[in-house]
J.: 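Below is one structure. I have some questions about it.
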Amino acid sequence: MRRVAVYVVLLSILCTLSGCKMSVSLTGGTIDARAKTVAITNFPNNASLVNPTLSQSFTTALKDKIQGQTPLTIVSRNGDYTIEGEITGYSVSPVAIQGNETAAMNRLTITVRVRFVNSFDETQNFDQSFSRYADYSSSQNLSSVESTLITSINDALTDDIFNKAFVNW
């Protein structure tokens, strides 16, 4: 008899809570329970130095990250969340200058500007630039390591964007 009373109390609490606003937690983040979609537009490459595949590879990496980490469906427009922006920087610079004034390492840096809109809570909206880099030996030709570097940088950038949008870091 006592066990039945405990079950009734627990069931009534659950029924009461089901009418409340709830959110889905993912890797420490939250997504509004009403959210079903996210619109992610293509990120054009507006950097002064243009890699012809960067726009597509970055946009795909961002979509894959969000699709893999959230229950949201990706749509082309009018999403509950919107992520858009552009690639604003793509540069190679020397680092680790040696005594003979040559670089031991070079650094590939990619910068993206992201605008995030949350249709349920505009205080979560942001317009921010994110930048990441990867170093490679100056004895290597950029074209031989560029694809690997871009993949690594895209992974770091999409983590940063995901965390800002959905984990609020």
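These numbers come from a predicted model, not from an experiment.
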J.: Looking only at non-hydrogen atoms, find the nearest pair between P44 and G85 and report the distance.
T.: CD-O, 3.3 Å

J.: So, taking the atom named CZ in F58 and the one named CG in N51, what distance separates them when rounded to the nearest 0.5 Å?
T.: 13.5 Å

J.: With under 30° as parallel and over 60° as perpendicular, where do the rings of F116 and F126 fit, or are they tilted in between?
T.: parallel

J.: Decide if atom OH of Y133 counts as having more than 12 heavy atoms of other residues, nucleotides or ligands within a radius under 6.0 Å.
T.: no

J.: Is there a donor-acceptor pair closer than 3.5 Å between any side-chain N or O of T59 and the backbone N or O of N42?
T.: no

J.: Going only through I, L, V, M, F, W and Y residues with side-chain contacts under 4.5 Å, is there a path from V117 to V38?
T.: no

J.: State yes or no: do I87 and V92 share one hydrophobic cluster built from I, L, V, M, F, W and Y residues joined by side-chain heavy-atom distances below 4.5 Å, directly or via other members?
T.: yes

J.: With rounding to the nearest 0.5 Å, note down the distance linking NZ in K164 to CZ in F130.
T.: 6.5 Å

J.: For the pair S57 (side chain) and L54 (backbone), establish whether a donor and an acceptor sit closer than 3.5 Å, ignoring hydrogens and angles.
T.: yes

J.: To the nearest 0.5 Å, tell me how far D32 CG sits from F166 CZ.
T.: 11.5 Å

J.: Got a second to check how far R113's CZ is from T88's OG1, nearest 0.5 Å?
T.: 8.5 Å

J.: Could you tell me if the side chain of L72 sits less than 4.5 Å from the side chain of T37, heavy atoms only?
T.: no

J.: Quick one: does any side-chain atom of N141 pair with a main-chain N or O of S144 as donor and acceptor, under 3.5 Å?
T.: no

J.: Please confirm whether the backbone N or O of F43 pairs with a side-chain atom of S55, one donor and one acceptor, at under 3.5 Å?
T.: yes

J.: Indicate yes or no for a side-chain donor-acceptor contact from T151 to the backbone of S147 under 3.5 Å, with no hydrogens or angles considered.
T.: yes

J.: Are V75 and I66 connected into the same hydrophobic cluster when the rule is that any two of I, L, V, M, F, W, Y join if their side-chain heavy atoms are below 4.5 Å apart?
T.: no

J.: Mind checking whether L62 and V112 have side chains closer than 4.5 Å, heavy atoms only?
T.: no

J.: Keeping the roles fixed (side chain from T158, backbone from D155), state whether a donor-acceptor pair exists under 3.5 Å.
T.: yes

J.: How many angstroms lie between CD in Q69 and CD1 in I31, if you round to the nearest 0.5 Å?
T.: 9.5 Å

J.: Please report the closest heavy-atom contact between T41 and S76, naming both atoms and the distance.
T.: CG2-O, 4.5 Å

J.: Can you name the nearest heavy-atom pair linking S119 to G79, along with the distance?
T.: OG-O, 4.5 Å

J.: Is there a side-chain contact between Y90 and T111 (heavy atoms, below 4.5 Å)?
T.: no

J.: Does any part of the side chain of D135, heavy atoms only, come nearer than 4.5 Å to the side chain of V95, both counted from C-beta?
T.: yes

J.: For the OH atom of Y136 and the CE atom of M105, what is their distance to the nearest 0.5 Å?
T.: 9.5 Å

J.: Identify whether the distance between the nearest side-chain nitrogen and carboxylate oxygen of R115 and E86 falls below 4.0 Å.
T.: yes

J.: Hey, does S131 have a side-chain heavy atom less than 4.5 Å from the side chain of I110?
T.: no

J.: Look at the side chain of N125 and the backbone N and O of N118, then say whether any donor-acceptor pair between them is shorter than 3.5 Å.
T.: yes

J.: Among T60, D159, N154, T70, exactly one meets side chain to side chain donor-acceptor pair (under 3.5 Å) together with K65. Which residue is that?
T.: D159

J.: What's the shortest heavy-atom distance between P94 and N106, and which atoms?
T.: CA-OD1, 3.5 Å

J.: Same cluster for I74 and L157 if Ile/Leu/Val/Met/Phe/Trp/Tyr side chains link at under 4.5 Å?
T.: yes

J.: Does a donor on one side chain and an acceptor on the other come within less than 3.5 Å for S139 and S137?
T.: yes

J.: Do D80 and R34 sit within salt-bridge range, that is, some charged N less than 4.0 Å from a carboxylate O?
T.: no

